[in-house]
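Each remark here refers to the structure printed beneath this line.
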Amino acid sequence: MSDQLFETARSLEHRLLADMIRIRVFEERCAELYGQSKIRGFLHLYIGEEAIATGVMSCLGPTDAVLATYREHGHALLRGVPAESIMSEMFGKSTGCSGGRGGSMHLFDESVRFFGGNAIVGGHLPLAVGLGLADQMLGRSDQVTVCFFGEGAMAEGEFHEALNLAALWNVPVLFCCENNRYAMGTSLQSSESQVDLALKAASYSIPAWSVDGMDVLEVHKATTKALTAIRAGGGPMFIEFQTYRFRAHSMFDPDLYRDSDEVEQWKKRDPIMTFGERLLDAGDVTSDDIDEMWAAARAETEAAVEVADAAPLESIDTLLEHVTLEASENSSPGPDTPFVDDDEVWP
Amino acid sequence: MSAYDTGEGIRSMTYREAMHEALHEALANDDRVFIMGEDVADYGGTYAVTKGLHEEFGRDRVRNTPLSESGFVGAGIGAALGGLRPIVEIMTVNFSLLALDQLVNTAATLLHMSGGQLNVPLVVRMTTGAGRQLAAQHSHSLEGWFAHVPGLKVIAPATAEDARWMLPSALADPNPVIIFEHSGLYNDRGPVDPNTGPVDLDRAAVRRSGSDLTIIASAGMVSKALEAADQLDKSGVSADVIDLRSLRPLDIPTLAASVARTNRALVLDEGWRTGGLSAEIAATLAEVCFWSLDAPIARLAGVEVPIPYAKHLELAAVPQVDDIVAAAGNLVRPIE
Ligand SMILES: Cc1ncc(C[n+]2csc(CCOP(=O)(O)OP(=O)(O)O)c2C)c(N)n1
Ligand SMILES: [Mg+2]
């Protein structure tokens, strides 16, 4: 490898590790803040699954679109939603990315094309198809829509309808299944008649494969491959990322349905710990580097908490805002890229 | 004497315990009864209502389903047609929208479409309501939509006693019955008589008697109405508080009898105002009680906004005790 290539690879590895750590630190703080009643409602932690959002997000460009579930703090953070804006949202403050309306489950930021924050399981898969369709019909051929969802969503009708439409219309969508083996207390085996999830997706004539979701480099490689194909017009793709959530489903879940042994086994594969060790062994990172990453993540999170704490609540007078827009407030005056159609004249 | 009579007479139970006992009794008394829904077994149900039942009755009769609301509600309809007595649990009314097709297009219509041949003895339980900062995909009160549909029966137990005793009546009913359980009620305690037995499903209950106005409430609004009535009492206003219990059919005679006596009505609804159940009730009372009214019928309903996450906004989006007191005050104020 040339020096320059080597440097690039090393800086990617550093970034991946640092980003996983950012999510971990942010969420561990969220759990504490939940205990202090600063954050309320449902809070679903991504701890253990960070390699997926990190690996996938590292491959996206600014014009790509992202949709996620209610377990989306990490996705929002790495997509570029500022930490203080996420934290403020969870505090229910007016400076939150959704104006305090959404909370933990409904983070949105249009400026980075982050389309939520969706808490109806499976409900956002058809949306992803539509976003992909818009890119296709408006000729934005290099844009991809990435849709994250849990394996539990694959039992919903909307999964099947969305995959069928995506394949029929050949839309540029990457479906990222975060298979953490449980949908609340329901294990994969008791939720799916076919536990080979890639096989299931492939039945819609969509290229589909399975990847170790605890290995951030594997995630990065698989996503790069998929995105290259999709950007070249290859149509939708599906990747199953095998992973595990280390915490309970939400802060309400007593977590009684799985063996503590099982949890401990998976914790040995902690994506941050294993990747850090690998880089240390290879001499690609020093333990000082890693300490610095944790410190930087803590600083980022603490700054976010401070901002969120100090931020004002939304005035009650605004309760009725954001329900419908006045025609004069129309925020989407029309496509900036003209409709691409060779022969026909658009009326 | 019921198997649940411990000899202590009337017991204090939470709404959750009362519903759990009712489900237990249903499974124990009738082999045709089974429960199905997401995470009803090991997890114990999202609100821990079915907790432990699978250990006693097995996983066939306390049956976990995948995330497939339309699928398992439809399967419930089929199982009912096939001779079973399914009790389907849907986690919240918001998720029931994925099964709206099965409930409205099939469960509610089969009897009629088949010329009276096929009835659907299905019970569907789901939670409803705001109050836990769960935002706009988990907090709505859509029971009024279901109350719109002929062919369905819609009930909303608001007390532990009703949580205990409306279920056996729902199971005995030959029609699809939807039970709405307000998620804010599960930890509320109330007296439960172990020997009440099946109750009328279609009768409202007068929870408190007064003479100056009638406050009509259901589900989570009932306890707020009672609290408001206590406050009003201190300022010399006495209110009848009626708990609808049944949202379809509506017990108009009970409502009308009260309004004929108090001459004023305040209709509460946690759901949105426009086209809501409160509109239906107010219109019907205007038709049947017009000549005994001393003031226009008043409504206090949910503000027309998806339920927001932030606590203060969520509180402002649904009627609170103070709002009820104020609305009642306006209604009884002498006209200047
Ligand atoms: C339509 C619908 N049904 C039920 C729920 C309740 N619920 C929320 S998360 C969840 C489990 C989803 O599991 P999975 O898709 O595997 O995602 P994970 O939570 O494991 O990330 C359930 C049942 C919901 N939000 N939406
Ligand atoms: Mg899962």
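Proteins come first, then strands; the chains are lettered A, B, ... in the order of their sequence lines, and each starts at number 1. Reckoned from all heavy atoms, side chains included, excluding hydrogens, waters and symmetry mates.
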[X] versus chain B, heavy atoms under 4.5 Å apart: side chain, backbone, both or neither?
X      : value
A/L319 : both
A/D255 : neither
A/M105 : side chain
A/T324 : neither
A/L188 : neither
A/E158 : side chain

[X] side-chain N/O to [Y] backbone N/O, donor-acceptor pair under 3.5 Å:
X      : Y      : answer
A/N179 : A/R181 : yes
B/H182 : B/G129 : no
A/E89  : A/G100 : yes
B/S68  : A/A155 : yes

| field | Derivation and outcome, salt bridge (Lys or Arg N to Asp or Glu O under 4.0 Å), residues B/E227 and B/K224 | value | CA-CA 5 Å; B/E227 217 182 305; B/K224 286 184 181 172; over 6 Å; no
| task | With B/T128 as reference, evaluate B/H140, B/E143, B/E270 under the side-chain hydrogen bond (donor to acceptor under 3.5 Å, both in side chains) test and give the passing residue. | result |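 So, applying the side-chain hydrogen bond (donor to acceptor under 3.5 Å, both in side chains) to B/T128 and each of B/H140, B/E143, B/E270, only B/E143 qualifies.
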| Between B/V305, B/D42, B/L67, which shows the greatest number of heavy-atom pairs under 4.5 Å with chain A? |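 Greatest number of close heavy-atom pairs with chain A: B/L67.
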| said: Heavy-atom pairs under 4.5 Å with chain A - which of B/E304, B/H138, B/E38 has more of them than the others? | reply: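 The option with the most such pairs is B/H138.
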Go through [options] and name the one with the most non-hydrogen pairs under 4.5 angstrom from chain B.
options                        : answer
A/G152, A/P254, A/A153, A/S94  : A/G152
A/G99, A/A119, A/G157, A/G92   : A/A119
A/D253, A/N118, A/L320, A/L256 : A/D253

| query | Under 4.5 Å between any side-chain heavy atoms of A/L127 and A/F115, yes or no? | reply |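 A/L127 does not reach A/F115 side chain to side chain.
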| task | Give a yes or no on whether B/K311 atom NZ has more than 12 heavy-atom contacts from other residues, nucleotides or ligands under 6.0 Å away. | result |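 Yes, enclosed.
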| query | Given a strict heavy-atom distance threshold of 4.5 Å, which part of B/E69 is in contact with chain A: side chain, backbone, both, or neither? | reply |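 It is both, since atoms from each part get that close.
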| said: Can you tell me which portion of B/L97 sits under 4.5 Å from chain A's heavy atoms? Options are side chain, backbone, both or neither. | reply: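 B/L97 has no heavy atom closer than 4.5 Å to chain A.
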| task | Answer with yes or no whether the side chains of A/H160 and A/Y204 bring together a donor and an acceptor at under 3.5 Å. | result |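 A donor-acceptor contact under 3.5 Å links the two side chains.
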